[in-house]
There are 2 protein chains.
Amino acid sequence: MGKSTLDAADLRILEALQRNGRLSNVDLAEQVGLSPSPCLRRVRDLEEAGYIQGYAAILDRRRLGLGVVAFVEVKIDQNAEGDAVFRRAVERIPEVVSCFVMTGTMDYLLQVVVPDLDAYAEVSMKRLLQIPGVKDVRSSFVLDVVKHSTALPLPPA
Amino acid sequence: MGKSTLDAADLRILEALQRNGRLSNVDLAEQVGLSPSPCLRRVRDLEEAGYIQGYAAILDRRRLGLGVVAFVEVKIDQNAEGDAVFRRAVERIPEVVSCFVMTGTMDYLLQVVVPDLDAYAEVSMKRLLQIPGVKDVRSSFVLDVVKHSTALPLPPA
DNA sequence: AGTGAAAGGAGCGATAC
DNA sequence: GTATCGCTCCTTTCACT
């Protein structure tokens, strides 16, 4: 199932699709210097090999009235059960955009997107703190976004 | 330029396109309960009004050999010039996936994606610390990803 | 606002190199 | 592995409700 090495054309395809996921196959083929058929086959292969997980519309957070982004450190009672419960709960909160286990003292680092501070209070108090095992929630808020990219750094060639 | 309110159909369109940005217009129209023509017109309007910033292929970080994600707190000499220089520099480092100004003590919070710790050392020492005005760089590393979504939370209806 | 039809173009399979 | 052909379906515009 799936190739294990990427040649230069594959990398060009991935780079182009990171920039514009709705490129038509003919346009993509032209950008990467292939004719449409082999280009499409490569894209399908990259999808099936799992290099491409999917495609998404990138929405404008502020335009949608989502003015508040918070990074939240969550401490929970450390046991396997509590972890599983917490993870499942977080999975189902759409305001939690991402959730990582980190090195250092904190247990989880969450990124939360909400319309305003009231909505943040709601998520923090009524959702996160309600999850059994959650001991501490510490929030920092984003004052300004310098950069926010969905594109991963790919090897040069 | 552009509508200022979103009706239920608009929200269904945005939600569907967040999940699958390559949906064909006919499939999208079916999912949101419209016929293709008005559906396409709405999508175009949403794009031009800035609700949809663009479309991107979502790549699999690990499959691409990018095993290390770090959150990096960067302290810089606080003056307008230094800030502008720092922002411009960060903009041009593809390994820096995002960069925020945060409340609290740290000046910037960066998210960095690299293949391994050697590459991280390279970015940290030879790129970030080289930027004039950068005083301190503190890194935490992601041990596990519980959730990582590009989808923003949209109002229910 | 939504519907329906019509033309141009793209996707995608088959085939050949 | 790559390109060309050809059929089908989608996209997109226009006239109409």
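The chains referred to below are lettered A, B, ... by the order of the sequence lines, with proteins before strands, and numbering in each begins at 1.
- Contacts of B/Ser24 with the nucleic acid, taken as non-hydrogen atoms under 4.0 Å apart, involve only primed sugar atoms and P, OP1 or OP2.
- Under the side chain to side chain contact (heavy atoms under 4.5 Å, CB included) test applied with A/Ile76, the options A/Val137, A/Asp107, A/Asp136 reduce to a single match, A/Asp107.
- Side-chain atoms of B/Arg87 and B/Tyr108 form a donor-acceptor pair, as typed in the model, at a separation below 3.5 Å.
- Comparing atom distances between the A/Pro38 side chain and each of C/dG11, D/dT2, C/dA1 picks out D/dT2 as nearest.
- One finds a side-chain N or O of B/Arg44 lying less than 4.0 angstrom from the OP1 or OP2 phosphate oxygen of D/dT12.
- Distance B/Arg41 CZ to D/dT11 P: 16 Å, rounded to the nearest Å.
- Within the 3.5 Å criterion, the main-chain N or O of A/Ala49 finds a donor-acceptor partner in the side chain of B/Arg63.
- Distance A/Asn25 CG to C/dG11 P: 5 Å, rounded to the nearest Å.
- Atoms CG (A/Leu40) and P (D/dA3) sit 13 Å apart, rounded to a whole Å.
- Environment of CD in A/Glu30: sparse, with no more than 12 heavy atoms of neighbouring residues, nucleotides or ligands closer than 6.0 Å.
- Between C/dG11, D/dC10, D/dT4, one nucleotide has an atom nearer to the side chain of B/Val26 than all others, and that is D/dC10.
- Look at B/Arg42 and you'll find a side-chain N or O under 4.0 angstrom from OP1 or OP2 of C/dG2.
- Contact between the side-chain N/O atoms of B/Ser37 and the OP1/OP2 oxygens of C/dG2 is not found at any separation under 4.0 Å.
- In this structure, B/Glu30 places its CD atom 15 Å from C1' of D/dC9, rounding to the nearest Å.
- For A/Leu23 and C/dA10, the CG to P distance is 12 Å, given to the nearest whole Å.
- Taking atom CZ on B/Arg22 and atom P on C/dA10, their separation rounds to 13 Å, with Å as the unit.
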